[in-house]
Amino acid sequence: MALRAPVSFEFYPPKTDEQRAQLDRSVQRLKAHAPQFMSVTFGAGGSTLSHTPETVQRLRSEHGVAGVPHITCVGGSREEIRSLLKLYRALGCDRVVALRGDTPSGMARSGDLRYASELVALIRAEHGDHFQVEVAAYPETHPQAEDAHADLRNFKTKVDAGANGAITQYFYNTDAYFRFVDDARALGIDIPIVPGIMPISNFSQLRRFSEACGAEIPRWIGQRMRAYGDDADGIREFAADCVAGLCRRLLAGGAPSLHFYTLNLAKPTLNVLARLD
Ligand code: FAD
């Protein structure tokens with residue numbers, strides 16, 4: 001059952017046997033949609049330092065999918081980043097997602113590189129065109145940006161440093177995405193800008209995430225969710241309809257593909273994909 005629009009899926013690296021088994025089950029089910037790649041997040045400051053490569057390797061060797069690592073530069077030294085890149089090359093990776101990351105609270109060390117653009121430049125300087133480099137983009141503006149225009153200019157700096165593609169922070173307002181793409185094109189940015197899609201499963205968790213990363217949950221979605229109360233089936237159906245509608249509008253408006261934040265669960269993403277097929 002292959003979806004017409006290309007898709008990719010994002011996971012976090014499991015740390016326990018139970019989490020590993022859950023990831024294996026999710027990957028097995030999501031593989032049926034023939035994703036372009038499955039990416040694995042990286043904890044800034046070393047919290048998942050050893051788990052991201054291990055998970056990428058597992059995706060590639062056990063599941064036979066294109067496992068793609070995220071690399072963050074905050075808190076890390078140039079040497080640490082260099083050895084990670086070497087390791088990923090040895091694992092057969094030819095694509096990475098390059099990010100600044102966020103310094104965990106209480107961690108003072110800022111690292112050798114300050115911004116994702118410097119990480120992209122390092123990758124290009126040391127590995128030429130070997131890696132397809134994806135970077136992050138923010139249709140609703142990164143929360144620490146000076147303003148929306150500065151954020152867009154900073155996005156251009158990453159592209160000028162050599163990024164080949166961008167994946168956006170999740171959003172539920174298509175106007176924010178289309179306007180962002182128009183503004184980027186007007187600045188001469190011509191790389192694909194793939195919308196990041198967050199299926200809705202645990203709404204209170206989503207609200208917390210969204211406050212931290214600056215994603216807006218439209219009031220009408222919150223109100224409808226609240227109205228379902230304890231009706232778990234109703235919530236599930238509404239959430240999937242809502243996100244599938246968002247995906248349809250994005251694809252109809254020219255989005256090149258869809259990148260799903262799975263949070264290692266297959267079901268919420270599959271519920272959306274089933275409505276798109
Ligand atoms: P940058 O592009 O460096 O931008 C960060 C901020 O600095 C922005 O406000 C920008 O406007 C500003 N800025 C950039 N350059 C300059 C400059 N020269 N002067 C002044 N200001 C500047 N986090 C993780 O820890 N691990 C992950 O695996 C991970 N994966 C992600 C995947 C995706 C698709 C996305 C969208 C986000 C992900 N994140 C991850 C979160 C990300 O690390 C945070 O959003 C982080 O705060 C910013 O990262 P960035 O790469 O966008 O940073």
Side-chain angles (χ1 to χ4, degrees), residues 3-10 34-42 66-73 81 85 88-89 93-101 113-142 144-171 173-198 213-215 246-247 249-261:
L3 181 76
R4 257 169 273 130
V7 289
S8 53
F9 301 119
E10 180 173 314
Q36 291 182 309
F37 62 88
M38 293 191 173
S39 76
V40 184
T41 61
F42 186 83
V68 166
H70 293 207
I71 300 181
T72 60
C73 59
I81 293 166
L85 288 166
Y88 289 131
R89 242 184 124 145
C93 299
D94 57 7
R95 189 193 285 249
V96 293
V97 183
L99 304 137
R100 182 195 72 177
L113 308 179
R114 282 211 300 168
Y115 298 112
S117 54
E118 297 169 35
L119 175 59
V120 176
L122 182 149
I123 297 171
R124 285 289 172 244
E126 305 200 353
H127 292 272
D129 287 336
H130 177 79
F131 291 106
Q132 156 98 15
V133 179
E134 309 286 343
V135 289
Y138 301 84
E140 294 182 327
T141 308
H142 185 266
Q144 290 156 7
E146 196 185 316
D147 59 42
H149 293 157
D151 204 30
L152 195 65
R153 284 195 301 276
N154 293 331
F155 174 48
K156 184 168 178 353
T157 307
K158 293 194 276 199
V159 177
D160 291 344
N164 310 97
I167 303 170
T168 75
Q169 183 57 276
Y170 67 87
F171 56 87
N173 177 353
T174 50
D175 283 349
Y177 171 80
F178 290 124
R179 181 65 204 226
F180 180 81
V181 173
D182 286 349
D183 289 349
R185 301 294 178 238
L187 273 186
I189 297 170
D190 60 2
I191 61 170
I193 300 174
V194 174
I197 306 294
M198 180 71 91
C213 71
L246 171 76
C247 294
R249 290 192 296 281
L250 289 168
L251 293 171
S257 60
L258 302 170
H259 179 80
F260 285 88
Y261 295 107

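Count residues from 1 along the sequence.
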Enquirer: With heavy-atom distances below 4.5 Å as the criterion, would you say the side chains of P69 and V40 are in contact?
Expert: no

Enquirer: What pair of heavy atoms forms the shortest contact from F260 to C247, and how long is it?
Expert: CZ-SG, 4.2 Å

Enquirer: Write down the atom of E118, the atom of R114, and the distance for their closest heavy-atom approach.
Expert: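 In terms of heavy atoms, the two residues are closest at OE1-N, 3.1 Å.
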
Enquirer: For the atom pair NE2 (H149) and CG (L187), what is the distance rounded to the nearest 0.5 Å?
Expert: 9.0 Å

Enquirer: Nearest heavy-atom pair of G165 and Q132: which atoms, and what distance?
Expert: N-NE2, 4.5 Å

Enquirer: Look at the side chain of K158 and the backbone N and O of A136, then say whether any donor-acceptor pair between them is shorter than 3.5 Å.
Expert: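 Present.
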
Enquirer: Could you tell me which non-hydrogen atom of G67 sits nearest to which non-hydrogen atom of C93, and how far apart they are?
Expert: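 Heavy atoms only, the tightest pair is O-SG, 3.9 Å.
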
Enquirer: Mind checking side chain to side chain donor-acceptor pair (under 3.5 Å) for Y170 and listing every partner two or more places apart, or none if nothing turns up?
Expert: S210

Enquirer: Return the CZ to CG distance between R249 and N173, rounded to the nearest 0.5 Å.
Expert: 9.0 Å

Enquirer: Quick check: do F171 and P195 have side-chain heavy atoms less than 4.5 Å from each other?
Expert: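 Counting from C-beta outward, F171 and P195 do come under 4.5 Å.
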
Enquirer: Side chain to side chain contact (heavy atoms under 4.5 Å, CB included) with A148: which residues, sequence neighbours excluded?
Expert: T141

Enquirer: Name the atoms and distances for all side-chain donor-acceptor pairs under 3.5 Å in residues 119-126, with sequence neighbours left out.
Expert:
| from | atom 1 | to | atom 2 | distance (Å) |
| --- | --- | --- | --- | --- |
| R124 | NE | G162 | O | 3.0 |
| R124 | NH1 | G128 | O | 3.0 |
| R124 | NH1 | F131 | O | 2.9 |
| R124 | NH2 | F131 | O | 3.2 |
| R124 | NH2 | G162 | O | 2.9 |
| R124 | NH2 | N164 | OD1 | 2.7 |
| E126 | OE1 | R82 | NE | 2.9 |
| E126 | OE2 | R82 | NE | 2.9 |
| E126 | OE2 | R82 | NH2 | 2.9 |

Enquirer: Going from CG on D129 to CG on D94, what distance comes out if it is rounded to the nearest 0.5 angstrom?
Expert: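 Spacing of CG (D129) from CG (D94) equals 12.0 Å.
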
Enquirer: Once rounded to the nearest 0.5 Å, what's the spacing between atom CG of L113 and atom CZ of R100?
Expert: 12.5 Å

Enquirer: In Å and rounded to the nearest 0.5 Å, what is the CZ to CD1 distance from F155 to I191?
Expert: 4.5 Å

Enquirer: Which residue pairs pass the salt bridge (charged side-chain N to carboxylate O under 4.0 Å, His left out) test with at least one member in residues 174-189, sequence neighbours excluded?
Expert: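 Sorted result for residues 174-189: R179-D183.
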
Enquirer: If you take all heavy atoms of P256 and P192, which pair is closest and at what distance?
Expert: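 Looking at all heavy atoms of both residues, the shortest contact is CG-CB, 4.1 Å.
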
Enquirer: For E10, enumerate each residue passing the salt bridge (charged side-chain N to carboxylate O under 4.0 Å, His left out) test, keeping only those at least two apart in sequence or located in another chain.
Expert: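 Salt bridge (charged side-chain N to carboxylate O under 4.0 Å, His left out) check on E10 returns nothing, list empty.
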
Enquirer: Could you report the tightest heavy-atom contact between A176 and P139, atom names first, then the distance?
Expert: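 Heavy atoms of A176 and P139 come nearest at O-CB, 3.7 Å.
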
Enquirer: Hey, does the side chain of Y177 reach the backbone of I193 with a donor-acceptor pair shorter than 3.5 angstrom?
Expert: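 Pair found, side chain donor or acceptor close to backbone of I193.
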
Enquirer: Would you please name every residue forming a side chain to side chain contact (heavy atoms under 4.5 Å, CB included) with F37, sequence neighbours left out?
Expert: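 F37: side chain to side chain contact (heavy atoms under 4.5 Å, CB included) contacts with S8, S39, A66, V68, R95, I167, H259.
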
Enquirer: Output the distance between atom CD1 (I81) and atom CD1 (I71), rounded to the nearest 0.5 Å.
Expert: 7.5 Å

